[in-house]
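Heads up: the structure comes next, in structure tokens.
Residue numbers count from 1 along this sequence. Note that the structure is predicted; figures quoted are calculated from it, not measured.
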Amino acid sequence: MLTRAPPPCVFPIQPAPRPVMVAAAPLALALPLPTSPALPLRGVPPVAARPISHRPALAPVPSVLLSPPRTAASSRPPADDVPDGESSHLLAVPVPAPMDPAIAEDAAVAKQVPEVAPRPPERDFAGTPYVPVYVMLPLGVVNVSGEVMDADELVGQLRVLKAAGVDGVMVDCWWGNVEAHRPQEYNWTGYKRLFQMIRELKLKLQVVMSFHECGGNVGDDVSIPLPHWVTEIGRSNPDIYFTDRAGRRNTECLSWGIDKERVLQGRTAVEVYFDFMRSFRVEFDEYFEDGIISEIEIGLGACGELRYPSYPAKHGWKYPGIGEFQCYDRYLQKNLRRAAEARGHTIWARGPDNAGHYNSEPNLTGFFCDGGDYDSYYGRFFLNWYSQMLVDHADRVLMLARLAFEGSSIAVKVSGVHWWYKTASHAAELTAGFYNPCNRDGYAPIAAVLKKYDAALNFTCVELRTMDQHEVYPEAFADPEGLVWQVLNAAWDAGIQVASENALPCYDRDGFNKILENAKPLNDPDGRHLFGFTYLRLSKVLFERRNFFEFERFVKRMHGEAVLDLQV
């Protein structure tokens, strides 16, 4: 539960040896279990592809097990040497008393039929605070030509969402579409038509200022690069992009090293972002004045999130790799040299040379292992500098966003990097820019800068359960529940509002119940709760009969309404 204290964050990297299940194979012969594969995840790749409840129910383990056959080579004592009702230290399974052969055969046949485990009890959310629910529209709902894609079908889907009680929708305004060809020439045509459709249906709008490219991330089904004039600059000056230790450039978004460098045809990166936001505010003034636009989310990095692009699939990263530091463009390197000189240790003007690669495990690196260099004098200096670049970038852009959207609600999305959370170094968080090892709170500085500009925090992965992660990827030492608990409380302690969204497609009751638990913590002494939730994402799969029934039921409970089929 969200309200309990988080578990200790330090766990040994190497899992303890498991007992030898000597009887496992013979038991499988006597008591066959269902062999059907897990249901597909509808195109979701196994990047933390964590099925929430899409697993076939297994037959419960019987209290009386058939005695496994012995081989002549077996050296363990006979079953008669083990007292009835106790467990053998060798077998790690209960050893039964002798059974009548006929009864044993009947029991084996009966156990061939799988039993569906009952649902756990559900909380009754009737009368709880109203939490608005938004739905993300498809990434390519407006194309580069300024056209709304499949407009008639979209209107029909929006009508269904409205009837189900959904409060509004979220739309990405892509920098690469709007300012595609020349600096400060903005094409808002497609978004004007889309926003008019949404207003006519009396839905609210969350709008994302998307200063990153689309394509290459989990769930990306369209390709929208950065503006053409920006990529032309990048051909002659590739240091405008984040760069890893091997010199590979990541064109997903611009390096924070050029925030104050006039390398974009006479403008700095933050000036480019400000001009884009100001143009949007002027163009859609009536939607702000009428309250149709309820919030602006400011894109601050990879995937629109405040983070370094430390785990890019295009460079071969696979879950649960630790990722790599992204600070090797010449602008960030220049900043690192200045910081090292100011500290009086010019030898520290470098990135770690023992931090592994994208798919390394922490314990196999000299930097992230227990007692590794991440906690040395140099390691603490480097990680402080690296994470401060992230905070400084947020500070610069949010200052200008507050000017552009004065009087309006703004928000920032922070990614849920939950793998390796149960280790001392939290390696995947460190490479993403979150200086959050077990002896430091890496999210408090982020919450503080959001508080400075009255910006809300939008956090991901609220639908994930730690136990599910352990079942699918035990080697990842992931703890999404512990991470959610930490980040939400860091934000609430700073006095800022918190919203959330799911990290992966979610259509089942277990996932929705987990979101509800996080949205409205049980017995919170201060009555704290999320101020909004955004569902990822509108698709035809959502409108399948069973899926939409569960989604509509979820919306009612988020709104504090009663449902008739509550499992108690």
Query - Lys514/Glu122 salt bridge by N-O under 4.0 Å criterion - result: no
Query - Ring centroid separation Tyr308 to Trp256 under 6.0 Å - result: yes
Query raised in the report: What are the two closest heavy atoms between Asn354 and Asp373, and how far apart are they?
Result: ND2-OD2, 2.8 Å
**Report entry** Cation-pi check, Arg307 onto Tyr311 ring (under 6.0 Å, within 45° of axis)
**Finding:** yes
Query raised in the report: Which residues pass the salt bridge (charged side-chain N to carboxylate O under 4.0 Å, His left out) test with Asp392, sequence neighbours left out?
Result: none
Query raised in the report: Between Tyr134 and Phe533, does the ring centroid distance fall short of 6.0 Å?
Result: no
Report task. Establish, for the pair Arg343 and Phe381, whether the NZ or CZ atom is under 6.0 angstrom from the six-membered ring centre and no further than 45 degrees off its axis. Result -> no
Report task. Identify whether NZ of Lys or CZ of Arg in Arg380 sits under 6.0 Å from the centre of the six-membered ring of Tyr377 and within 45° of that ring's axis. Result -> yes
Requested in this report: Start with the C-alpha distance between Tyr191 and Phe284, add both sets of side-chain angles, then the distance that settles ring pair (Phe, Tyr, Trp, His ring centres under 6.0 Å), and finish with yes or no.
Outcome: CA-CA 10 Å; Tyr191 292 103; Phe284 295 97; 7.5 Å; no
Report task. Please determine if Arg350 forms a cation-pi arrangement with Tyr378, meaning its NZ or CZ atom is less than 6.0 Å from the six-membered ring centre and no more than 45° off the ring axis. Result -> yes
Query raised in the report: Do the side chain of Tyr535 and the main chain of Cys506 share a donor and acceptor less than 3.5 angstrom apart?
Result: yes
Query raised in the report: Is the ring centre of Trp174 less than 6.0 Å from the ring centre of His212?
Result: yes
Query raised in the report: Under 3.5 Å, is there a donor-acceptor pair between the side chain of Ser294 and the main chain of Leu205?
Result: yes
Query raised in the report: Any idea which heavy atoms bring Arg330 and Asn237 closest together, and the distance?
Result: NH2-OD1, 3.5 Å
